[in-house]
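I have placed the structure first, in the form of structure tokens, so that the comments after it can refer back to it.
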Amino acid sequence: MRVIVILVPSSSSIVTPPNPSRHNHHYTHLLKASKSRIPNLSPSNLPPPPWSSSRSPPLSTALRWDPTKTHPRSLADFANNLARDGKLVDFAMVVETVADSGVEASQFKSALRADFVEKGLSEFLRDGKVQSFVNVLNKLDEFGFPPLEIFTGSAMDLLRKECRGILKCREVDELVELVEVLAGFGFSIKELMKPSDVIKVCVQKRKPKMAIRYACTLPHAHMVFCDTIYEFGKKGDLESALTAFEFAKKNSNSINMYLYRTIIDICGRCHAYQKSRQIYEDLLSQKVTPNVYVVNSIMNVNAHDLSYTFNVYRNLQNLGVEPDMASYNILLKACCLAGRVDWAQDIYKEVQHLESSGLLKLDVFTYSTIVKVLADAKLWQMALKVKDDMLSAGVTPNTVTWSSLISACANAGLVEKAIQLFEEMLLDGCEPNSQCCNILLHACVEASQYDRAFRLFESWKRNRVQDMPEDDKENRASNASSGITTARSRSSQLYGLNFAKELSFMPTVATYNILMKACGSDYYHAKALMDEMNTMGLSPNQITWSILIDICGSSGNIEGALKILRTMREAGIEPDVVAYTTVIKVCVENKYMKQAFSLFAEMKRYQIQPNLVTYNTLLRARSRYGSSLEVKQCLVVYQDMRRAGYRSNDFYLKQLIEEWCEGVIQCDNQNQEEFSSSMTDTERPQSLLLEKVAEHLQKNIAESLTIDLQGLTKVEARIVVLAVLQVVKEKYSRGHIISDDMLITLGIGKVDTIPDELELGVKDAITKLLQDELGLEVLSKGLEIASNTQMYLESTNHSTSNSEYLGSNELPTERRPVVMQRLMVTRKSLRQWLYKRSSLRR
DNA sequence: TCCTGAGGTC
């Protein structure tokens, strides 16, 4: 079949439309250029053959010819000339025409000049016509002329430059699309660009999908998937890391364990523990058996949760996964974090047993971790015993092991022993790192041996090898070998070191922080150290500033402490919860409660979450409160604390409220011994009492005088009643009038059952308090209510248990009336009491 | 993996 084609560049499908923005185009849709858009022409309009000229003819006018009547070599010459002259669009059209004509193309193909085509393609790249470049590649590829055969060194260089240019402009989408096209032609993407550079830009621009698409073009895509997820995670961008993970999962045809390991590790890095568990459980629900690395990762990420970690471990058998040494080391780490010495010791014994059976080989991690567990538990002797174990097992302690051994002694307050171990480490040829030196310094500071800490620090600074001139170093070495060490030994003795080796000691921020702690209350010394830090090129961190605040505040300088907090923020270090807590502590210690509460409000404004220490610091401010306002303020903090999910420490607050409430009867009665002795009632949730007090302080008591004492002990009930009376008293002194009787609910019981002992105790104690101690008129009132009402009341609290209950056969027998036990204090006697109290005061 | 800062009735 004859095909006659009109070649009109301006209407062709492969012509690049002008575009002002170079890097703003999509190429992929051009991979399959439509041929149907090239119109056929009737044979009567055949043009003269255009290849008679040595120069390529202009194509501005329509050219028409019948390729079947032309020699393939002549066609090739024509095409070659077009390519050589940079008319590559036209060249491509000739190629396309030949392809479409049905003529024998092999001769034409063999006569094409790859060097000319390459030249033309290079020009496209030089001019930034990337889309045209891609279009031509498409055409050549369709024709069976793979672009890879055309490209030689120089064109590849240009292509590389072009890719780098796009990358430099951060046009990741465009680059990835081009790369995908090139990959389709078989180009080696790794040779065009450094994959890590592309991934970096994807991470910067938060384009996880582009990163994965790029990774798909590389031969080791799976590895690059993981690198990508890791890079996102390192930047703290968990969302993108997860997107990349999901996308990578879809683009993998098999389950890639390394991918799961990576995302689980990244979840750990980003503190998304629940997410890591979800991913792991998803894997299990697909009936996939994870490998030991995935299992170790999930355990490691969740090592702070001992029970979860152990559950995963216990499940290993069901899964048929064999734990390795790392699995056991992670279990030890979990015990270490949870402070479970007993469990750690059991595991240690078990792995030792496994080792003796030849199933495992304990490594330096195992020993270091168990040493740390023992060190934290102040079991220094056992820690030293582990050192012997490891030496006899032929495992050499590393810096971390030595550090843990030293901190074992340091934690037990044994500075001498710690220093002795430090020397032993040097003799053993183990180079201490900064952290290790810091542990030793910290040991001195903890034992209040401040001078010793400073002397050690100075000696290490002097011994720094890299600070010495070369010949000085040589002198030292030759002195050491010839035994001329007198001067040095003397100075070493002075610093408590019998062996002073040149240390590659480099102080860190932590070093200076420890030394600042050693300044006690000497603010100027601490400040000088902070300045020295700066000259050493170290930046003070949040800890540094907090220490400075503490030192300044310790001399009662509240203004100074507050000022440092501001300076800290100005210096670009955002104060954290500890910095705020430190300033709050300073205020509380100096009884500046208003300032303390104001700082508390300020930190909340900055969205810094107070923690248990902050709350306890504030609530510890149990100075005598004169009014319900201050107690209220305290209770607000208390309730805030409970809302934040902290188990409240009610001791101080309970005492505070007690003192405040007892103020009601202070002048009337001194007989309170019985109550204070029974205060330590830890059986019941103490918070209930405080909730009741808070509730009564916060609602408008003048409206309805009702007190609910259900579930409280008699001491707690006493406090609640007194708290309400205290509020009533304060309101009365401000002019409020009592218009109602006071109703006190004691409990709900069935009509013909005897109230329990506790309830009777409360009733007696409260009646005694109101009648005998305060002289109020008290009436006992039983209010009968239907049993289904009681069930309704119960169901509001225990919906699930109630439904179970409803389903049982016992239901009909329970339909008995119940009684609400109440006490009533008459309005008249309350008024008399208030009047008597106020006249007493006058 | 190891170091440094704030709180403390039992």
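Below, chains carry the letters A, B, ... as their sequence lines are ordered, and counting in each starts from 1. Worth saying up front: this structure is predicted, and the values here are computed from it rather than measured. Note that these values count all heavy atoms, side chains included, but never hydrogens, waters or copies made by symmetry.
Residue A:N398 has its side chain nearest to B:dT1 when only B:dG5, B:dT1, B:dT4 are considered. Here the side chain of A:K517 is nearest to one of B:dG7, B:dT4, B:dA6, namely B:dA6. Nearest nucleotide to the A:V613 side chain, out of B:dT1, B:dG5, B:dG7: B:dG7. Listed candidates were B:dT1, B:dC2, B:dA6. Nearest to the side chain of A:D550 is B:dA6. Closest to the side chain of A:K585, out of B:dT4, B:dG7, B:dC3, is B:dG7. Checking B:dG7, B:dT4, B:dT1 against every side-chain atom of A:L612, the shortest atom distance belongs to B:dG7.
Within the structure, side chain to side chain donor-acceptor pair (under 3.5 Å) contacts touching residues 332-343 of chain A (residues at least two apart or in different chains) are A:N300-A:K333, A:R340-A:D342.
Across all strands shown, A:T582 has heavy atoms under 4.0 Å from sugar-phosphate atoms exclusively, and none from any base. Nucleic acid contact for A:K333: none, since no nucleic acid atom lies under 4.0 Å from a heavy atom of the residue. As judged by a 4.0 angstrom heavy-atom cut-off over every strand, A:D576 is placed among the base-contacting residues.
Within residues 292-311 of chain A, no residue has any heavy atom closer than 4.0 Å to DNA chain B.
Salt-bridge annotation for A:R269 and A:D265: absent, with no side-chain N of the basic residue lying under 4.0 Å from a carboxylate O of the acidic one. With respect to the salt-bridge test (charged N to carboxylate O, under 4.0 angstrom), the residues A:K361 and A:D324 do not qualify. A salt bridge links A:E532 with A:K461: the closest approach of a Lys/Arg side-chain nitrogen to an acidic carboxylate oxygen falls below 4.0 angstrom.
Remark: the A:T617 side chain and the B:dG7 base include no donor-acceptor N/O pair separated by less than 3.5 Å. Side-chain to base pairing of A:N611 with B:dG7: no donor and acceptor N or O lie closer than 3.5 Å to each other.
No cation-pi contact links A:R455 to A:Y450, judged by a cut-off of 6.0 Å to the six-membered ring centre and 45° from its axis.
Rounded to whole Å, the distance from OH on A:Y615 to P on B:dG8 is 18 Å. What separates OH of A:Y580 from C1' of B:dG7 is a distance of 18 Å, to the nearest Å. When rounded to the nearest whole Å, the span between CD of A:E574 and P of B:dG5 equals 22 Å. Spacing between atom CG of A:N433 and atom C1' of B:dC3 amounts to 9 Å, rounded to whole angstrom units.
For A:V509, the side-chain contact (heavy atoms from CB on, under 4.5 Å) partners two or more places apart in sequence, or in a different chain, are A:N513, A:M533, A:L538, A:N541, A:T544.
Ring stacking is absent between A:Y512 and B:dT4, as the pair misses the limits of under 5.5 Å between centres and under 30 degrees between planes.
If you look at A:W460 and A:F422, their ring centroids are closer than 6.0 Å.
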